Structures are given as structure tokens and as C-alpha cells.
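Beneath this line is the structure, given in C-alpha cells, with notes to follow.
Model, not experiment: these values are computed from the prediction.
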2 protein chains.
Amino acid sequence: MIKVAIYEDNDGLREALGTAIEAAKDISLVGSYGHCVTVLDNTQKDKPDVVIMDIDMPGKSGIEGVRDLKKHFPATEIIMNTVFDDDDRIYQAITAGATGYMLKRNGLQELIAGIHEVMKGGAPMSPTIARKVMKAAANGDKGTSQNLGLSPRELEIIQLLAKGNSYKMVAQDLNLSIDTIRSHIKKTYEKLHVHSVTEAIHKVLIEKRH
Amino acid sequence: MIKVAIYEDNDGLREALGTAIEAAKDISLVGSYGHCVTVLDNTQKDKPDVVIMDIDMPGKSGIEGVRDLKKHFPATEIIMNTVFDDDDRIYQAITAGATGYMLKRNGLQELIAGIHEVMKGGAPMSPTIARKVMKAAANGDKGTSQNLGLSPRELEIIQLLAKGNSYKMVAQDLNLSIDTIRSHIKKTYEKLHVHSVTEAIHKVLIEKRH
DNA sequence: TACAAAATCACATCATTATGTAGGTTAAAG
DNA sequence: CTTTAACCTACATAATGATGTGATTTTGTA
């Protein structure tokens with residue numbers, strides 16, 4: 001019997017999920033919550049094998065919930081269940097420790113299948129997601145070894161910014177248009193999964209020392 | 001005979017400076033230029049004892065000129081001659097290696113006096129400037145020893161920013177208003193003589209390691 | 001106590017950055 | 001010879017950061 005707990009702030013959807021899970025012969029619902037603020041206490045009590053976690057919830061995001069959960073109950077498998085498929089959330093969810101990432105639009109049947117899959121050691125995810133993850137993994141693997149996957153130009157620009165230069169100064173230094181600088185930085189952010197110069201600098205400089 | 005070279009992009013002013021300097025019995029003009037791009041070559045040729053340098057010049061700023069000059073000809077004395085008296089330029093000029101900093105509005109006589117003064121080991125500067133420099137020195141001395149003069153709070157905030165946090169995140173972290181963060185950062189910038197987070201981070205982290 | 005420095009908050013305004021969209025060039029890889 | 005990756009440019013809008021001004025409170029110390 002697979003024990004499953006649900007975290008989903010939408011009441012209707014949470015109930016639907018619950019009944020669908022109960023309907024499965026080999027799965028039992030041990031907990032169902034509208035937020036994940038008390039996720040640690042709940043898990044202590046419920047002892048679920050698998051947790052279905054929505055990303056966007058009031059109070060505490062699913063990402064944070066996953067992070068906490070994995071830290072204290074590393075054996076618990078987590079499947080993110082969300083409407084979002086943007087790179088960022090996926091990346092965050094994966095690095096936070098989720099083993100599955102399924103889109104709500106793909107329906108309940110797939111989610112049930114995902115629960116079984118995750119118990120067999122798999123990593124269930126919607127096709128759309130799978131592709132993104134593969135790509136990210138490819139970038140990541142290539143990158144971490146050398147310079148996080150940044151092209152020489154991109155790295156050069158980040159390093160200039162790290163010295164305290166503004167976009168304008170970098171543009172002048174490299175004899176490029178400021179729009180070009182923007183463009184490079186934009187791609188850099190995507191590769192590093194960040195949203196500001198300081199984050200990018202932090203990431204690049206941290207990875208550098210070793 | 002004191003050998004002097006002039007770098008000043010305003011033609012009229014450069015000529016006026018030249019004649020005023022030639023008029024002085026113990027000073028000879030060995031070079032006069034409208035820019036400082038070729039300052040190293042010129043200096044090699046002219047071998048001036050003192051260089052009068054304007055700050056704002058096309059191609060290469062006087063600050064950069066001073067930096068280069070001091071690196072290759074440390075014995076050459078440099079007097080900045082400019083219309084600006086804002087803290088920043090003064091600070092930059094001083095740290096770049098200028099030994100005198102005189103305002104154009106104070107006239108040619110004072111500049112001539114400054115040339116003599118600098119040759120006697122002095123540091124000629126207009127009264128307005130002198131006061132600012134004293135203040136900067138006071139701040140600087142107190143600071144360089146520990147953490148550049150930053151208060152504990154200010155340092156804390158810069159370090160949080162260095163980790164890639166935004167103002168908003170820092171405010172949440174420290175349970176403060178975002179305006180308070182702004183306020184601290186503003187003071188920090190004044191103390192460090194910078195104008196952006198990245199510059200501040202760079203400066204703080206550089207000074208830290210040693 | 002009275003002054004100075006640190007810390008807090010607010011509001012306004014301008015500058016810079018971040019993000020989206022879109023297109024072009026060039027050089028290596030298949 | 002086409003595909004891919006890196007590089008370059010442009011324009012528009014939204015979000016964040018930078019700067020100025022002003023004010024209150026606390027704390028350490030002259």
C-alpha cells in the first residue's frame with residue numbers, strides 16, 4: 001500500500017485528487033492539506049511514501065516545502081503537480097529535491113501512474129518537462145566542469161560586471177552596443193537560472209574557486 | 001629649472017597656461033597637449049618634473065592618464081587642474097596618484113605657486129578641496145584597517161547583496177523597510193565612493209581578503 | 001547632558017537593469 | 001549545404017536600483 005499526502009491550495013482540485021487516489025487499489029491517502037506551512041509536522045504524523053505538492057500555495061511555496069521536506073525526510077518521494085512549465089520553476093523544483101514534475105493539464109490518470117512510477121525508482125514527468133529537463137541537464141553537465149556553460153563572451157562580460165562595471169562601461173570596453181551586452185547577459189541569466197548581475201556574479205565566482 | 005608639461009583640451013586655456021608658466025623665471029614648458037592618450041610617450045620624451053593635468057579630456061580621461069603616468073613614472077609629480085570639485089573626482093584623482101588638486105577658478109597664480117609647492121614636497125590644493133580631502137582621509141584611515149569604515153549594519157547589508165539578494169529580499173531577511181535598506185546602501189556608497197552594488201561588493205570583497 | 005554616529009522609515013524622481021520579441025552574421029559540425 | 005551555437009544589434013516596457021531630502025529614535029561617549 002503506497003501512502004500518499006496531498007498539498008494543494010485549490011479546494012476543488014484537492015478533493016478531486018483525493019478521490020482519484022483513493023480509487024486506486026494500492027494507494028491510500030494519508031493526508032490532504034491546503035498549504036505546506038506545517039509540512040514537517042504533517043509528514044511526521046502521516047509518514048507518506050509519496051507527497052504530491054503544488055508549487056503555488058499561500059504562506060509557503062511548494063518549492064520551500066520540498067526543500068524542508070527533503071532535508072528532514074530524504075526518503076520521501078515528491079511529485080510536483082502544477083500548471084506552470086516555465087524553466088525556472090522546474091529547475092528550482094528539481095534542485096530542491098522533487099523527483100517528479102507533472103503538469104496538471106495532463107490529468108489525474110497520469111498522476112496516478114506517476115505515483116507508481118516514482119515508487120519503482122522512476123522520475124515521472126510530462127513530455128514537455130522531460131525535454132526541458134534534458135536540455136538543462138545537458139547544459140549543466142557541460143557547464144559545471146568548466147564555466148557553467150557560459151560562452152567565452154558571456155563569461156567575459158560577467159567578469160567585467162563583477163569588477164563593478166555598468167552595462168555602459170562594459171559596452172565601451174568591448175566596443176559593443178549596449179543592446180549586445182543586454183543580449184549576452186540575458187542568455188547568461190537563462191543558463192545560470194538567475195535574475196540579476198549580483199546573483200550571476202555570485203554563482204560564477206563561487207563555482208570558479210575549486 | 002622646473003620642467004612642466006601641460007595636458008588640457010581647451011585650446012585657449014592651454015595657451016594661457018603655457019604663457020603663464022613660461023613667464024615664471026624658474027619654470028620651463030617642455031610639453032603641451034590637448035589630450036593624454038599618448039601621455040607615456042610624451043613623458044618619455046619631455047621628462048617633466050611636474051605634469052598639469054585636466055580631468056575631462058576626450059579619448060582618455062585625466063584620471064586614467066594619472067594612473068598610467070604614476071605607474072611608469074612614479075617620480076613625476078602631478079597636479080590636477082579642473083573646474084570640478086565633487087568628492088568623487090577628487091577621491092579618484094588622489095587615489096590615482098595626483099599630489100595636487102587645484103580648481104581652475106582659483107587662477108593661474110595659484111597654479112604657479114602650486115608647481116613650486118609640489119617641488120618642495122608639498123601637496124597644493126584649493127581650500128575647498130583641502131577640507132574635502134581631510135574629511136576623506138579621516139574616513140579612510142578609520143576604515144581601511146577594519147572594514148572600510150562601514151558600520152556593522154552596512155557591512156551586513158552589502159554581504160547579503162553579495163550573495164545575490166535584491167533589496168527586497170534583504171529587507172525581508174532583516175525585517176526592515178526597503179527604504180531603510182536604500183538608506184544604508186546610500187551611505188555605504190558614499191563611504192566607498194561607488195555608485196552601484198557591484199562596485200561596492202567588489203571593493204568590500206577585495207579589501208576583505210588579506 | 002549634549003553631541004555624534006548608527007539605525008530606522010518615507011516619498012519623489014531619475015537611471016539602470018531585466019525581460020520579451022525579433023532579426024542578422026559568421027564559423028564550426030553534421 | 002543545412003543546422004547549430006555563438007555573437008551582434010534594435011526597440012519597447014516593466015522592475016529594480018540610485019539619489020535627494022527630511023525626520024525620528026537609539027546608543028555610546030565627550
Side-chain angles (χ1 to χ4, degrees), chain A residues 86-89 91 131 134-136 138-143 146-162 164-203, chain B residues 86-88 135 138-143 146-203:
Chain A
D86 59 295
D87 292 29
D88 247 44
R89 289 169 199 262
Y91 179 84
R131 223 168 297 127
M134 288 308 293
K135 211 169 146 190
N139 278 333
D141 286 345
K142 187 174 59 173
Q146 283 281 323
N147 39 34
L148 298 161
L150 301 188
S151 72
R153 198 50 144 184
E154 289 162 354
L155 191 61
E156 183 179 23
I157 290 174
I158 290 295
Q159 286 171 340
L160 284 173
L161 290 174
N165 293 298
S166 64
Y167 286 16
K168 204 188 293 177
M169 296 167 87
V170 173
Q172 286 173 348
D173 256 41
L174 302 180
N175 268 91
L176 295 176
S177 146
I178 197 167
D179 283 308
T180 304
I181 304 300
R182 275 198 245 271
S183 169
H184 284 304
I185 292 173
K186 219 179 303 174
K187 285 204 208 77
T188 303
Y189 286 2
E190 284 166 20
K191 288 184 183 175
L192 300 178
H193 303 280
V194 299
H195 306 279
S196 69
V197 254
T198 48
E199 275 182 282
I201 290 171
H202 186 241
K203 206 148 186 173
Chain B
D86 60 295
D87 293 28
D88 247 43
K135 210 170 146 189
N139 279 333
D141 285 346
K142 189 174 54 172
Q146 283 280 322
N147 39 33
L148 299 161
L150 301 189
S151 73
R153 200 50 146 179
E154 289 162 353
L155 191 62
E156 184 179 22
I157 291 174
I158 290 296
Q159 286 171 341
L160 284 173
L161 290 174
K163 286 189 195 160
N165 293 298
S166 65
Y167 285 17
K168 203 189 293 178
M169 296 167 86
V170 173
Q172 286 173 348
D173 255 42
L174 302 179
N175 268 89
L176 294 177
S177 145
I178 197 168
D179 282 306
T180 305
I181 304 300
R182 274 198 246 272
S183 171
H184 284 302
I185 292 173
K186 216 179 307 174
K187 286 202 208 76
T188 303
Y189 286 1
E190 286 165 19
K191 289 183 182 175
L192 299 178
H193 302 280
V194 299
H195 307 280
S196 70
V197 254
T198 47
E199 276 182 282
I201 290 170
H202 187 241
K203 206 149 186 172

Does the side chain of B/Thr188 reach to within under 4.5 Å of the side chain of B/Ile158, using non-hydrogen atoms? yes

Is A/Ile157 close to A/Leu150 at the side-chain level, that is, under 4.5 Å between some pair of heavy atoms? no

For DNA chain C, what residues of residues 169-182 of chain A have any heavy atom nearer than 4.0 Å? A/Arg182

Please determine whether a side-chain nitrogen or oxygen atom of A/His184 lies at a distance below 4.0 Å from atom OP1 or OP2 of D/dA6. no

Would you be so kind as to tabulate the donor-acceptor pairs closer than 3.5 Å made by side chains of residues 194-201 of chain B, with sequence neighbours excluded?
residue	atom	partner	partner atom	Å
B/His195	NE2	B/Asp88	OD2	2.6
B/Ser196	OG	B/Thr198	OG1	3.2
B/Ser196	OG	B/Glu199	N	3.3
B/Ser196	OG	B/Glu199	OE1	3.4
B/Glu199	OE1	B/His195	N	3.1

Nearest to the side chain of B/Val197, heavy atoms from C-beta on, is which of D/dC8, C/dA7, D/dG17?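 Looking only at side-chain atoms, B/Val197 lies closest to D/dG17.
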
Set of side-chain contact (heavy atoms from CB on, under 4.5 Å) partners for B/Ser177, sequence neighbours left out: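 Applying side-chain contact (heavy atoms from CB on, under 4.5 Å) to B/Ser177 gives B/Asp179, B/Thr180.
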
From A/Ile178 atom CD1 to A/Ser166 atom OG, the distance as rounded to the nearest 0.5 Å: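 These two atoms lie 7.0 Å from each other.
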
Set of residues satisfying salt bridge (Lys or Arg N to Asp or Glu O under 4.0 Å) with respect to A/Glu156, sequence neighbours excluded: A/Arg153

Please identify each residue that fulfils salt bridge (Lys or Arg N to Asp or Glu O under 4.0 Å) with B/Asp173, with sequence neighbours left out. none

Check nucleotides 21-28 of chain D for protein N or O atoms closer than 3.5 Å to its own N or O atoms and list the pairs.
residue	atom	partner	partner atom	Å
D/dT21	O4	B/Lys186	NZ	3.0

Whole-Å gap separating P (C/dA5) and CD (B/Glu154): 12 Å

